[in-house]
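Data first, discussion second: the structure below is written as structure tokens.
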Amino acid sequence: MPVNKVFKSCDEAVAGIFDGATIMVGGFGSYGGLPINLIVALSRQGAKDLTVIANMGGVGFELSKRIKPGGYQDLGVLFEHGQVKKFIGSVPALGGMPPDSPLERMYNEGRVEIEVVPQGTLAERIRCGAGGLGGFYTPVGVGTVVAKGKEKKVIDGKEYILEMPLTADFALIKAHKADTLGNLVYRRTARCFNPVMATAAATTIVEVDDLVEVGQLDPEIVVTPHVYVHRIVEVKQ
Amino acid sequence: MPVNKVFKSCDEAVAGIFDGATIMVGGFGSYGGLPINLIVALSRQGAKDLTVIANMGGVGFELSKRIKPGGYQDLGVLFEHGQVKKFIGSVPALGGMPPDSPLERMYNEGRVEIEVVPQGTLAERIRCGAGGLGGFYTPVGVGTVVAKGKEKKVIDGKEYILEMPLTADFALIKAHKADTLGNLVYRRTARCFNPVMATAAATTIVEVDDLVEVGQLDPEIVVTPHVYVHRIVEVKQ
Amino acid sequence: MKARLDEQTIALRAAREFADGSVVNLGYGMPGLCADFIPEGRAVFFQSENGMLGYGNLASDAEKDYEMINASDQPVTPLPGMCFFDSAAAFDMIRGGHIDVVVLGAYQVSEKGDLANWGRPGRPATGMGGGMDLAAGAKKVIVTMLHTTKTGEPRIVKKCTYPLTAARCVTLVITDLAVIEVTGKGLVLKEIAPGWTVPEVQALTEARLIPASDLKEIEL
Amino acid sequence: MKARLDEQTIALRAAREFADGSVVNLGYGMPGLCADFIPEGRAVFFQSENGMLGYGNLASDAEKDYEMINASDQPVTPLPGMCFFDSAAAFDMIRGGHIDVVVLGAYQVSEKGDLANWGRPGRPATGMGGGMDLAAGAKKVIVTMLHTTKTGEPRIVKKCTYPLTAARCVTLVITDLAVIEVTGKGLVLKEIAPGWTVPEVQALTEARLIPASDLKEIEL
């Protein structure tokens, strides 16, 4: 029978994430689709020198109070704990907020490297890596800082730049439901980067609102097939 | 209010397909997901010098009797009618069948051009075109006839070839249900190339088993968003 | 009386550009307000790059669902006919040319329609989000912004000094003072705020403005 | 008694290679038979490149649904835990390395593990389907075929003369006469059909075979 993918806690699920690992973290902004329980478990677990690939760098608990009453945890906690050496994403920090997010502070202190990537290019680089491709030409970023140092090509009279694939050792993602095999469905805009990242990591770890038995998910509506999912934790809302 | 996308018949839906057009046709093999009623309508409509992009070239009515009792129509009818000047796909003809499919006959008579493309590369070239990208590097086909004349690149020590995007003037596809806005869901393996091609054509024409009102499709399970669909015909099974 | 348009009014004017049946993406900040000003009788489908098409108004407190947010992280409401998809599919839709109009904020727009809307001095850790993809992919790029900076510097310039989002992408600029069309000949001043004269607006604009033959007061 | 394995038996032998929990894609023709020979107690997930994972047996006449077909156009049955997706997603899964085993037919396999399985003389209009993608992407490529052509020519050759599917991709060859592993040192003859000797099999093989130290009769 297939290996058991169901873990009892987020702490158990993030065990084995090693120093220096590349980690994709799903979600979009600083909430909604963010696998926050896995992120917090990783901050407890303590792995260091991580390369984190995520759409946004998070605002951290202090700034979050400006967004949502009472505040909340987000990706910022990994920077606060000094676990990250490099961030790859489209919004390291929000220009509309003070420069006090944990990532922006660390960056300004020279303690973390940032690679800023247009959001669609980020999604496509991940899909490219997941699909075993070597790179792709995109018109996005032509004539901007994003094009710096990248191969350029004119195709049918239009300018493109070459973007390279992204893959990861681990992906931390959030889904709505999983069956015990690992088939996943998402809820509303909490889908965002989660299904894309799920396909691009050697080990994909998912937290779900509901864990159901095999056969309980309609085969037509599964978004992430189980071959992409390695560890599942149910975190009831 | 948005334009009415619902057409009364397949004949009306394929009106305006012009001589020399590039047409994607959904499906996978010679049945199951093939928009056969639109294909037959196009054969009546008579547009000529078409470039047809489809996974398989079809077997034609005569050979089809070997596959399914009584036989059936498939993409072969467009070749029988001499409407196609070029075919792009992964299986122009089946090696396991006699060389009597309409496409193979026409090819052997020098009346149609064939561009053979590995199936996954075909899907990805269409997705690449749909996504506004300029091309991608794939390891598939390296060291084979498929690599002939294509740019090669070594990335991280592995060989890749450059494949270019495909788009079309029209896509003929088959879905299970549409709402009147044009949101689509598919059924089982009839999904195959249909959602991919739906996104890559200037005008996408779909035949569906069931047409439903707006609001009748769960927003979580829509596979093809309505922006990709331009003409809908209901063909009850 | 000489007036500057407020943000709501700029958004209202921008929303008048949404044709019936069009697909519209609203950028971070001020552009988000456009969702509340769809002209009567027009169907507009809002696309959000976090993976949603066809959503409704901003959610009231009672309606708030933090798994139902627009790209500005604001909870919005569902509508019949909407659908969800992932980020890669959202950007296929954007780069593939299926967004009729995108409304973006900006720091600067150049006389050639170059857009700078993400990076600024002193904030090296900010990013462009989906702005570059949207600017490169949408059929029509409308910029809504204040005509000048807080210190009175022009934002409509000969050449952007801030980092570019995309070159030659802007179609229309709507500010608190003017509606300006980017054309092959240059920036055409189409509409002007109530009580303002062309020389007054030109004085706050670094790039040269070409008054339209049918120049009129901003219509609301 | 000297016997050649029939197609069913070749498929049965190939299916023994499917590890518990593995994801397997079955190519056109003979490989499809493997679906009926999964070893007792093992869970195997069949992937089909037309967009399905986790399907069951071939359908009986009563069960036939022509919108539920494998990549050989044969109706199959659903199983709990299965799912459907589109062709692009199916090939992401394949190229992305998530197929543990693919079983393919072949015209020729070379001593280096090159595979030729789609084109042949006189049939220029046939194509490779998903074979190139599968050969390039799967972790393990098993070829099932008859050891020789109808006219007795070897199919296991020094160098393929038929058009290649992919170079150096084959892991294991299972024929009606032998089980052969492709190694860095060459083709290792691991198992041999009942009643056959090594020289007899070598005589029907163009490439040199290296008898394994633990060479045995094909186990079923």
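Chain A is the first sequence line, chain B the second, and so forth, proteins listed ahead of strands; every chain is numbered from 1.
- Counting heavy-atom pairs closer than 4.5 Å to chain A, the top residue among S72(C), C83(C), A71(C), A135(C) is A71(C).
- For K158(A), no part lies near chain C; criterion is any non-hydrogen pair under 4.5 Å.
- For the side chain to side chain contact (heavy atoms under 4.5 Å, CB included) test with V235(A), the passing option among N37(A), L38(A), I36(A) is N37(A); the others fail.
- Within a 6.0 Å sphere centred on CD of E159(A), other residues, nucleotides and ligands contribute 12 heavy atoms or fewer.
- Heavy-atom pairs under 4.5 Å with chain C were tallied for I114(A), L94(A), V145(A); the largest tally goes to L94(A).
- Neither the backbone nor the side chain of S48(C) comes within contact range of chain A, judged by heavy atoms closer than 4.5 Å.
- The main-chain N or O of H147(C) is found under 3.5 Å from a side-chain atom of D176(C) such that the two form a donor-acceptor pair.
- Residues of residues 96-123 of chain C having a heavy atom under 4.5 Å from any heavy atom of chain A, listed by number: W118(C), R120(C), R123(C).
- Counting heavy-atom pairs closer than 4.5 Å to chain A, the top residue among A88(C), G51(C), A136(C) is A88(C).
- Proximity to chain A is absent for every atom of I94(C), based on heavy atoms less than 4.5 angstrom apart.
- Residue V223(A) does not touch chain C at all, counting heavy-atom pairs closer than 4.5 Å.
- Sparse packing is recorded around NZ of K158(C), with 12 or fewer heavy atoms of other residues, nucleotides or ligands lying under 6.0 Å away.
- If you measure heavy-atom distances from F91(C) to chain A, the contacts under 4.5 Å come from the side chain alone.
- Heavy atoms of M128(C) lying under 4.5 Å from chain A belong to its backbone as well as its side chain.
- Of the listed residues G129(C), G127(C), A90(C), P124(C), the one with more heavy-atom pairs under 4.5 angstrom with chain A than any other is G129(C).
- Residue contact with chain A, scored on non-hydrogen atoms closer than 4.5 Å, involves the side chain of Y28(C) exclusively.
- Ion pairing between a basic and an acidic side chain is recognised when a charged N comes within 4.0 Å of a carboxylate O; R105(A) and E62(A) show no such pairing.
- Between chain C and the residues G96(A), G32(A), P99(A), the most heavy-atom pairs under 4.5 angstrom are made by P99(A).
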